[in-house]
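Report on the following structure.
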Amino acid sequence: MAEDAILGFLQSNDEIADSHEFAASVGVGHTELENVIKSLKGFEIVDSKEITKDRWVLTDEGKSYAANGSPEVQFFLAIPPEGISRADLKVKLGAEIFEIGSKAAAKNKWVGFDKDLVTKKVGSVKDDTKDLLKRIDGGEAVVDKVINDLKRRKLITKYTWRGYSLRKGPKYVLKRKKAATDLTREHLQRGDWKDLEFKEYNLDAQVQPIQIGYMHPLLEVREAIQNIFLQMGFEEMPTNNFVESSFWNFDALFQPQQHPARDSHDTFFLKVPATTRQLPEDYVDKVKRVHEFGGYGSKGYGYDWKRDEAEKNLLRTHTTAVSTRMLYKLAQQRLFSPKRYYSIDRVFRNEAVDRTHLAEFHQIEGLICDRGLTLGDLLGVLEDFFSRLGMSKLRFKPAYNPYTEPSMEIFSYHDGLKKWVEVGNSGMFRPEMLLPMGLPEDVNVIAWGLSLERPTMILYGIDNIRDLFGPKVDFEIIKRSPMCRLGL
Ligand code: FB9
């Protein structure tokens, strides 16, 4: 019906100027016409251009005044010749009309107020407002001053009217062959496919979003950083033990037993099993001695080292505990062989939770164990590692760790954030840590660490760590935020 009307009209007319008027003229709803227009346009049978027209329409208040008269005229007409009290007038008109009408009627100097009495000051009035509202409602154009006045009184509002102008399209036909979107077996069997018009594939059509799984951002970045380590010839350390003994987490790292990080304010100690069952006895003695008396050129800490303190179980505070186990194991080898190890896994610290800190995070650690390694080697491998993370401009700030000397905090200039960001910590493991293990004198170990959460937050533009990790993770962030490619 609508289609034939359009195609029929265009056969003898160049254009349908206004789809609304045309719809009215052929007695179909504009929406129905709109759908036909879209379909004909899809088949290039017609060309349509969207046209918009703004017009003023009455608000509900405007409609009520156009129907019942403006409040100022209602106010005026409600005053009997002898006048009337405000209160009675208010009852008569209702609060709203009374409020608006009194002000406007007074402004027009139609009425007078003497104390509580309201009287007419003119014989009769004309309801221009009502007339204007009716004219505007009729689609008549009125001067801007009137429009602004009525707009200010919220009696009219702008309505943007959207319609189309139509012309013949490149594939205009008077009667469209039946449209088909799919060639089906039935078409082939019936052979009527020849008389069918097949719709062009709309390659820009939006597709149904497909529900697929998404990698959690932390795992995306973990994988990318893991690939960097593997490309640099590192092998992963086994980190499948969140529970560790104080011995491997602290003592073997030459971290003294009274070090502040070793009290329950910073570390989660286990109630059950509270202590570890087995430690390598001979090695424990060496660790005890180096803490108490030093050796290997060190004077040690000179305190009374307690076995039971070292046996306390805890949630590891760093994956450096795993590095310690791996280096000890390496030292047990009959022949020393250089090693490059990395770990990326959870560590636990009893810290105040805030926007960037939770009680657990993922630590990334890299270490190289080889003969004659120097601080220069450490600087070099850090340049290499961070450049692969897209961070080329590095600065190093001397720092302190109980288990490395010298130690350095690593800073990178982040172009996006336009500032130097602390991107990690590093150092050379102390001889007091390495030699009791039995590693050869000339073997040094350079190591560094950073978190997985910080780079992930920066790369995904996530401001609060709770959006990334834990019960409040916002899956939408995961779905919609593509990871900006690391410098790979
Ligand atoms: O990750 C950290 N910062 C960082 C890293 C990458 C990054 O990438 C962006 C894409 C550009 C951005 C930021 N930090 C280490 C620095 C700070 O965030 C720091 O405030 C918080 N640190 C954690 C510890 O917090 C108590 C991050 C975590 C950290 C710190 C040190 C180590 C590991 C993790 C270490 C070590 C180490 C040292 C010597 C030998 C062996 C291991």
Side-chain angles (χ1 to χ4, degrees), residues 206-232 234 236-237 239-240 242 315-320 342-366 381-397 409-426 448-488:
Q206 288 306 312
V207 295
Q208 268 303 325
I210 41 178
Q211 294 310 328
I212 57 171
Y214 292 80
M215 276 275 268
H216 186 291
L218 277 175
L219 296 181
E220 286 255 15
V221 178
R222 185 188 196 289
E223 190 171 305
I225 291 176
Q226 177 161 274
N227 294 339
I228 288 174
F229 275 118
L230 296 173
Q231 282 152 16
M232 293 174 70
F234 285 70
E236 184 161 18
M237 293 185 264
T239 55
N240 55 342
F242 292 168
L315 293 182
R316 64 172 177 228
T317 62
H318 48 194
T319 54
T320 319
Y342 78 90
S343 63
I344 308 176
D345 209 332
R346 287 188 194 196
V347 298
F348 308 84
R349 297 188 184 180
N350 188 358
E351 274 174 353
V353 172
D354 65 18
R355 186 182 65 75
T356 58
H357 284 82
L358 288 176
E360 63 181 86
F361 67 90
H362 292 77
Q363 175 170 345
I364 300 166
E365 177 148 320
V381 76
L382 291 174
E383 294 283 359
D384 182 358
F385 177 80
F386 282 99
S387 65
R388 292 166 188 252
L389 269 173
M391 293 180 248
S392 47
K393 283 199 287 300
L394 294 185
R395 280 198 313 190
F396 302 96
K397 182 175 153 218
E409 277 170 358
I410 311 156
F411 288 79
S412 159
Y413 186 77
H414 196 278
D415 302 326
L417 304 170
K418 297 263 169 297
K419 64 176 182 169
W420 286 92
V421 178
E422 183 193 346
V423 291
N425 190 305
S426 65
W448 72 96
L450 61 156
S451 79
L452 182 61
E453 281 73 8
R454 293 296 300 128
T456 306
M457 289 171 73
I458 291 176
L459 291 165
Y460 279 77
I462 294 169
D463 180 57
N464 190 314
I465 196 163
R466 292 187 192 78
D467 296 337
L468 188 61
F469 202 49
K472 292 212 192 73
V473 166
D474 173 345
F475 286 110
E476 279 319 304
I477 290 183
I478 293 176
K479 282 189 185 159
R480 70 162 185 276
S481 51
M483 174 171 99
C484 61
R485 311 282 339 125
L486 279 175
L488 297 177

Show the nearest heavy-atom pair for residues [X] and [Y], with the distance to one decimal.
X: Ile465; Y: Asp354; answer: CG2-O, 3.7 Å
X: Gln363; Y: Thr317; answer: OE1-O, 4.3 Å
X: Val423; Y: Ser412; answer: CG1-CB, 3.8 Å
X: Ile228; Y: Arg388; answer: CD1-O, 3.5 Å
X: His216; Y: Leu468; answer: NE2-O, 2.6 Å
X: Leu358; Y: Arg466; answer: CD2-CG, 4.3 Å

Atom [atom1] of [X] and atom [atom2] of [Y]: how far apart are they, to the nearest 0.5 Å?
X: Leu450; Y: Glu422; atom1: CG; atom2: CD; value: 10.5 Å
X: Asn425; Y: Thr320; atom1: CG; atom2: OG1; value: 9.0 Å
X: Leu230; Y: Ile225; atom1: CG; atom2: CD1; value: 12.0 Å
X: Tyr413; Y: Arg395; atom1: OH; atom2: CZ; value: 10.0 Å
X: Leu382; Y: Ile410; atom1: CG; atom2: CD1; value: 4.5 Å
X: Met232; Y: Phe385; atom1: CE; atom2: CZ; value: 7.0 Å

Q. Residues in salt bridge (charged side-chain N to carboxylate O under 4.0 Å, His left out) with Glu453, at least two apart?
A.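 Not a single residue meets the salt bridge (charged side-chain N to carboxylate O under 4.0 Å, His left out) criterion with Glu453.
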So [Y] and [X], do their side chains get closer than 4.5 Å, heavy atoms only?
X: Arg346; Y: Leu315; answer: no
X: Phe242; Y: Arg316; answer: yes
X: Phe361; Y: Leu452; answer: no
X: Thr456; Y: His362; answer: no

(Q) Does atom NZ (Lys418) have a neighbourhood of more than 12 heavy atoms from anything else shown, all under 6.0 Å? (A) yes
Q: Tell me, yes or no, whether the heavy-atom count around Ile212 atom CD1, taken from other residues, nucleotides or ligands under 6.0 Å, exceeds 12.
A: yes
Q. Residues two or more places apart in sequence or in another chain: which of them pass ring pair (Phe, Tyr, Trp, His ring centres under 6.0 Å) with Phe234?
A.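 Phe234 satisfies ring pair (Phe, Tyr, Trp, His ring centres under 6.0 Å) with Phe229, Trp448 once adjacent residues are dropped.
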(Q) side chain to side chain donor-acceptor pair (under 3.5 Å), that's the test. Do Glu220 and Tyr214 meet it? Break it down for me. (A) CA-CA 9 Å; Glu220 286 255 15; Tyr214 292 80; over 6 Å; no
